[in-house]
Asks: 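Below: one structure in structure tokens.
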Amino acid sequence: MRFYIYFLLCIIINNNALEGKNNVGFKNNNENNIEFDDDLTLEKETLMILPASNNIDQEIMSKILSIISTQATSLGRFKIVDRNDLEKILKEQKLQLSGMVNQNQIIEIGELASAENALIIDIINFGQKGVPIKKEKEEKNDNDDNETLFTWIVKTVITKTIEKRDTSRIRLELKNNIHTELRATVKIINIETGISEKSFDINANYTGGNRDASLGNVLKIITSQIRIKLKELYMITSEVIDVNGLYINMLNGRNLGLKEGAMFEIASKNKIKSYKGKTITLPGKSRGLVKIVNVGVDGSKAKIVRKWRKIKDGNKAYELKSDPLTTDLNFTMKNNIRYEMSGKMWLNSFNEFSGSLNYHLGSIKDSKNKMDGYIGFGTDLKYGLFSAFGTNGYISLNIPLLFTWRGDDAGHTVMSMFSDPSIDANLAIQISKKRDIVMSASYVFTSLHGPWQWQRDTGSDDENGNNITETEWAVWSDGEKPNFYPKGLYFSISLRKIRF
């Protein structure tokens, strides 16, 4: 009987110990290796926006405050302290919103407003002034050195007369060509600690139009800068709820301003490790990239667009500041007819439809069996077909604009322009976390070729001292110009790098 009582007591004590361990919030608790459940972004950040004490322009400060408040609200991840409530608190503290306050007062006001952070805007420099419109370089008079006293007097009188007549015109030009410059610093203060955690600068200048138009353009530039910086201040940390093939469900949605197309990096949970008496946090292992395809109220569905480790329930999802940058280095070769090295920078590469900016450098054999060098630029228009198991297939339309050169039969270096668009079938195979190898089959279905020309130096200069040249046709002894016939099937290989 005593044995059974002892056995039951052991089970109860063991269960209580296990429950106590789970209540701490750790999955694996030992002296050297502890897996910690990171804080998630579950609610909006409460933000208070205030001007600095050295407010140099109340009207401009009011505009900047309004822009920051509007952009923070539109991002959906901030809860802005209502301006009326803030003014009420300031009035109680016998302060004014237009002329702020030292750091201790900011903390006190933030506590009264239940804010977590305060954004303090400090305008460093603001100015507007008229700028003369640039004129073409005045023609130099070669006879100035031989000028007589009489001609100098006549010229001076005429010049002064013209200047007096043009005074009103110059004033009008200055009023309609205003240069506006604005520089400000935004400091973020943690209300709880009173410590300034981050800061960023906003800078813009614009020349043109009257004062209102010039200022309006500066404020547009400032608005774009502020939106980017505010997003970087409060990046979202989410969690994978479940995984279903190529798709996952994750926390957070419209409640924190998430939209379709936002991208996240998936990683294991951070770990806490004890080392030499100190507790340090180690980042979890990166696992893949996902892109939101459907946004709910407080949850979202995302597609796995790239994976290098298994993605599991409970993994963390960290919002990316910007879409990954994808670049290709391509090599093409065909039977001693053509050799080319090209580079591509893809825009929105993880979209179903995307495009690229390309450069080309190579050589191609012409109809007279001579290899002609060429250089150029172009674009690819891509449509994704499938993406699974570390591979993705897509078709693309390649449109190049190339400039080629060679010598004609009279010894001139002549140039021509040509284009040979192609339809490409591509297969990208992932070989590491940030690298792919891409195999392509391209069919060139047509070509366009311009005339061969060269520039002849006339031996004379224009009014600005530049050499005058004339375009001449290339000289061919047999009367036939070299042509390109690039139609056909080409195979190429590319090395792709993804930066995020």
Side-chain angles (χ1 to χ4, degrees), residues 25 36-56 61 64-69 71-73 75-83 85-90 92-125 183-203 222 225-238 256-257 269-284 316 318-321:
F36 180 70
D37 190 1
D38 296 329
D39 292 334
L40 299 174
T41 308
L42 299 176
E43 57 186 17
K44 297 181 179 182
E45 185 96 351
T46 306
L47 193 64
M48 179 176 66
I49 305 172
L50 296 170
S53 57
N54 57 338
N55 182 4
I56 62 175
M61 177 62 78
I64 300 297
L65 289 172
S66 178
I67 289 172
I68 293 180
S69 178
Q71 292 304 313
T73 302
L75 279 171
R77 57 192 67 185
F78 296 100
K79 181 181 178 182
I80 307 301
V81 176
D82 185 80
R83 193 178 181 91
D85 293 339
L86 187 57
E87 288 180 342
K88 181 179 178 182
I89 294 171
L90 292 171
E92 292 174 355
Q93 300 297 312
K94 298 181 180 179
L95 300 168
Q96 292 182 354
L97 189 60
S98 59
M100 271 318 296
V101 288
N102 60 46
Q103 190 155 314
N104 292 331
Q105 291 171 319
I106 291 171
I107 296 170
E108 182 180 355
I109 295 166
E111 291 174 347
L112 292 172
S114 300
E116 298 167 5
N117 289 292
L119 257 66
I120 312 301
I121 299 93
D122 186 5
I123 296 179
I124 305 300
N125 178 47
R183 291 190 297 114
T185 297
V186 179
K187 184 187 299 183
I188 298 89
I189 296 177
N190 185 296
I191 298 299
E192 183 177 353
T193 64
I195 297 174
S196 176
E197 296 182 338
K198 297 178 183 178
S199 65
F200 61 85
D201 297 327
I202 49 178
N203 301 283
I222 293 294
Q225 293 178 5
I226 287 173
R227 185 175 183 86
I228 294 171
K229 295 295 184 180
L230 285 175
K231 181 181 177 182
E232 292 177 357
L233 285 180
Y234 196 43
M235 304 301 294
I236 292 173
T237 301
S238 184
L256 288 176
K269 294 181 179 180
N270 292 344
K271 293 183 178 181
I272 291 183
K273 189 177 182 69
S274 177
Y275 181 74
K276 293 185 178 181
K278 293 184 178 181
T279 301
I280 60 174
T281 302
L282 299 176
K316 295 302 178 187
Y318 299 98
E319 185 183 15
L320 297 181
K321 290 183 179 180

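Scope of the values below: all heavy atoms of this structure, side chains included, with no hydrogens, waters or symmetry mates.
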Asks: Write down the atom of Glu319, the atom of Tyr234, and the distance for their closest heavy-atom approach.
Replies: OE1-O, 4.4 Å
Asks: How long is the straight-line distance from CD of Glu116 back to CG of Asn190, given to the nearest 0.5 Å?
Replies: 9.0 Å
Asks: Sub-3.5 Å donor-acceptor pair from the side chain of Thr41 to the main-chain atoms of Thr237, do we have one?
Replies: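 Between the backbone of Thr237 and the side chain of Thr41 there is a qualifying donor-acceptor contact (under 3.5 Å).
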Asks: Does Asn203 offer a backbone N or O that forms a donor-acceptor pair with the side chain of Gln225 under 3.5 Å?
Replies: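 Between the backbone of Asn203 and the side chain of Gln225 there is a qualifying donor-acceptor contact (under 3.5 Å).
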Asks: When you look at Leu40 and Lys316, which way does the side chain to side chain contact (heavy atoms under 4.5 Å, CB included) test go after all the steps?
Replies: CA-CA 9 Å; Leu40 299 174; Lys316 295 302 178 187; 3.0 Å; yes
Asks: On a heavy-atom basis, which atom in Asp201 and which in Lys229 lie closest, and how many Å separate them?
Replies: O-CE, 4.5 Å
Asks: For Gly284, is there any backbone N or O sitting under 3.5 Å from a side-chain donor or acceptor partner on Asn270?
Replies: yes
Asks: I need the minimum non-hydrogen distance between Ser199 and Lys187, along with the two atoms involved.
Replies: CB-CA, 4.1 Å
Asks: Taking all heavy atoms of Ile121 and all of Met61, pick out the closest pair and write down the distance.
Replies: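 Closest approach of Ile121 to Met61, heavy atoms only: O-CE, 3.4 Å.
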Asks: Can you see which heavy atom on Ala72 is nearest to which on Leu47, and at what distance?
Replies: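 That closest heavy-atom pairing would be CB-CD2, 4.5 Å.
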Asks: Rounded to the nearest 0.5 Å, how far apart are CD1 of Ile226 and CG of Leu233?
Replies: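 Output value for this atom pair is 11.0 Å.
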Asks: Crowded around Glu192 CD? As in, over 12 foreign heavy atoms under 6.0 Å?
Replies: no
Asks: Minimum heavy-atom separation for Ser69 and Ile80, please, with both atom names.
Replies: OG-CG2, 3.9 Å
